Amino acid sequence: MHQVGSASPRIVAQLAERHPGTVPTDPDALADYFRFDDFAHFISIYLSVVKLVETAEDVRLLTYEIGREMAEQQIRYAELTITPYLSVGPDLPAEAFLEAIEDARVGAARDHGVQLRWIFDIPADFGIPAAEATASIAMDHDVPGLVGFGIGGSEEGFPRSMFRDQFDRARAVGLGSVPHAGETTGPATVWDAIETLGAQRIEHGISAAQDEDLMAYLAENDITLDVCPSSNVALKVVDDLASHPLPTLVAAGVPVSINTDDPPMFGTTLNREYAVAADLLGLDEAGLAGLARAGVDGAFVDETTKTALRGEIDAYVAAWSGTSGEDART
Ligand SMILES: O=c1[nH]cnc2c1ncn2[C@@H]1O[C@H](CO)[C@@H](O)[C@H]1O
């Protein structure tokens, strides 16, 4: 889930009040604004929403409010992908940016019981200067919630191997490697992410379904694909949900987690994505709980937190089965 891409219409309206004229605030106009011709169009719209987040107070509000909305969906732990390069600059120093997200992280845990962690990602389209700046923001500061290092934006024209040096340094200080790959290009990019960036999880990675050897490798090495079904339809990287490769990946034993990517931009929520996955995979309630556990398995968090999260999932399932299944279903 991307930070700026998680701004709901309610949050966008609050931010737009401070920065009028950047994006539409009327809900219908905003829904229309969030209809994408293709991936490139999406990136340009995404960058216009980034302009709503200018000050440290904007960053704090956005991040804290995302935490509130996660809690409303019973999300208990999330690794939020943040692109500091796009917000940090002369008017917003890295220190102020980092203080704002930490303030939001502490507040989201305290007020909403949501544990937030960060993945800092390089926006590929901005090349090596962005990669260097992201590495420096991540590694020259003490960032309490930072657990992973990623790369997003375009794949075409930006081979993952370009960013090997920054990923080497991030991995050396213990950050998880979680690049985007195989969303808008083929399986070669996923191999590239594994071989040159040491990917431990892959964002999207769905084109792996075209490569049997790659699927076997992902399964054997426990590399989770963070799959976002509705995003793939909205950005026209798959034709429709019915032809989504999720079932092929799961049948080959590839570990997958289910995610939203940029939920309001794609008109979805995490609960809806779970429903979509259940439909595609023919899952019952136990199968859905298994998907939630797979998310925990792949998370870059300590074992104590993982055990607590698994305990919550088990307790929830037990309470659900304790009610009559028929009643709960209706
Ligand atoms: O689905 C996605 N794929 C790739 N990048 C994305 C996606 N959603 C949001 N971003 C974001 O697009 C920005 C532009 O470089 C980056 O901030 C990246 O995190």
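The analysis underlying the following values was restricted to heavy atoms, covering all of them including side chains, and did not include hydrogens, waters or symmetry mates. What you see is a predicted model; the values in this text were computed from it and never measured. Both ligands and their constituent atoms are indexed starting at 1 by order of listing. We count residues from 1, following the sequence as given.
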Report summary line: re atom 10 (N) of ligand 1, the protein heavy-atom contact at minimum distance is H2 CE1, 3.3 Å
Query raised in the report: So, for A199 and I223, which heavy atoms are closest and what is the spacing to 0.1 Å?
Result: O-CD1, 3.8 Å
Query raised in the report: Could a heavy atom of M265 be found less than 4.0 Å from some atom of ligand 1?
Result: no
Query raised in the report: Taking atom types as modelled and ignoring hydrogens, do the side chains of T189 and D192 form a donor-acceptor contact shorter than 3.5 angstrom?
Result: no
Query raised in the report: Are the aromatic ring centres of F149 and F163 under 6.0 angstrom apart?
Result: no
Query raised in the report: Under 3.5 Å, N or O to N or O, is S231 touching ligand 1 that way?
Result: no
Query raised in the report: Looking at D125, which atoms of ligand 1 are within less than 4.0 Å of one of its heavy atoms?
Result: 15 (O)
Query raised in the report: Looking at I43, which atoms of ligand 1 are within less than 4.0 Å of one of its heavy atoms?
Result: 12 (O), 14 (C)
Report task. Consider only side-chain N and O atoms of Y64 and D103, and report whether a donor and an acceptor are under 3.5 Å apart. Result -> no
Side-chain donor-acceptor contacts of residues 82-95 below 3.5 Å, not counting sequence neighbours, with atom names and distances?
unit_1 : atom_1 : unit_2 : atom_2 : d
T83    : OG1    : D121   : OD1    : 2.6
E95    : OE2    : H141   : NE2    : 3.2

Query raised in the report: So, Q3 and T63: side-chain donor and acceptor under 3.5 Å apart, yes or no?
Result: yes
Requested in this report: Could you name the option among Q3, E155, M1, E183 that has the heavy atom nearest to atom 2 (C) of ligand 1?
Outcome: E183
Query - Part of F39 within contact of ligand 1 (heavy atoms, under 4.0 Å) - result: side chain
Query - Atoms in ligand 1 flagged as close to D121, the criterion being non-hydrogen separation under 4.0 Å - result: 18 (C), 19 (O)
Query - N232 and S230 side chains, donor-acceptor separation under 3.5 Å - result: no
Report summary line: Per-atom filter on ligand 1: closer than 4.0 angstrom to a heavy atom of P123 are 15 (O)
Query raised in the report: What are the atoms of ligand 1, with element, lying closer than 4.0 Å to any heavy atom of F42?
Result: 7 (C), 8 (N), 9 (C)
**Report entry** Protein contact to atom 1 (O) of ligand 1 [nearest heavy atom, distance to 0.1 Å]
**Finding:** D261 OD2, 2.6 Å
Query raised in the report: Under 3.5 Å between some N or O of ligand 1 and some N or O of T81?
Result: no
Requested in this report: Could you check atom 4 (C) of ligand 1 against the protein and tell me its nearest heavy-atom contact, residue, atom and distance included?
Outcome: G153 N, 3.2 Å
Query - Proximity of V4 to ligand 1 by residue part, where a heavy atom lies under 4.0 Å - result: neither
Requested in this report: State whether the shortest distance between N or O atoms of L47 and N or O atoms of ligand 1 falls below 3.5 angstrom.
Outcome: no
Report task. Give a yes or no on whether the backbone of T184 and the side-chain of E155 come within a donor-acceptor separation of less than 3.5 Å. Result -> yes
Query raised in the report: For ligand 1, is any non-hydrogen atom under 4.0 Å from L86's backbone (N, CA, C, O), its side chain (CB onward), both, or neither?
Result: side chain
Query raised in the report: Which one holds for E203 and ligand 1: side chain close, backbone close, both close, or neither close, with close meaning a heavy atom under 4.0 Å?
Result: neither
Query - Numbered atoms of ligand 1 (with element) below 4.0 Å of D262, judged on heavy atoms - result: 7 (C), 8 (N), 9 (C)
Query - Flag for E273-T268: side-chain donor and acceptor within less than 3.5 Å - result: yes
Query raised in the report: Just which atoms of ligand 1 are under 4.0 Å from any heavy atom in T83?
Result: 16 (C), 17 (O), 19 (O)
Query raised in the report: For ligand 1, which atoms have a heavy atom of Y46 less than 4.0 angstrom away?
Result: 9 (C), 11 (C), 12 (O), 13 (C), 17 (O)
Query - Results of side-chain contact (heavy atoms from CB on, under 4.5 Å) for V250 - residues two or more places apart only - result: L246, V256, L281
Query raised in the report: Side chains of S8 and E69: do they bring a donor and an acceptor to under 3.5 Å?
Result: yes
Query raised in the report: Does a side chain donor of either H204 or D226 reach within less than 3.5 Å of an acceptor in the other side chain?
Result: no
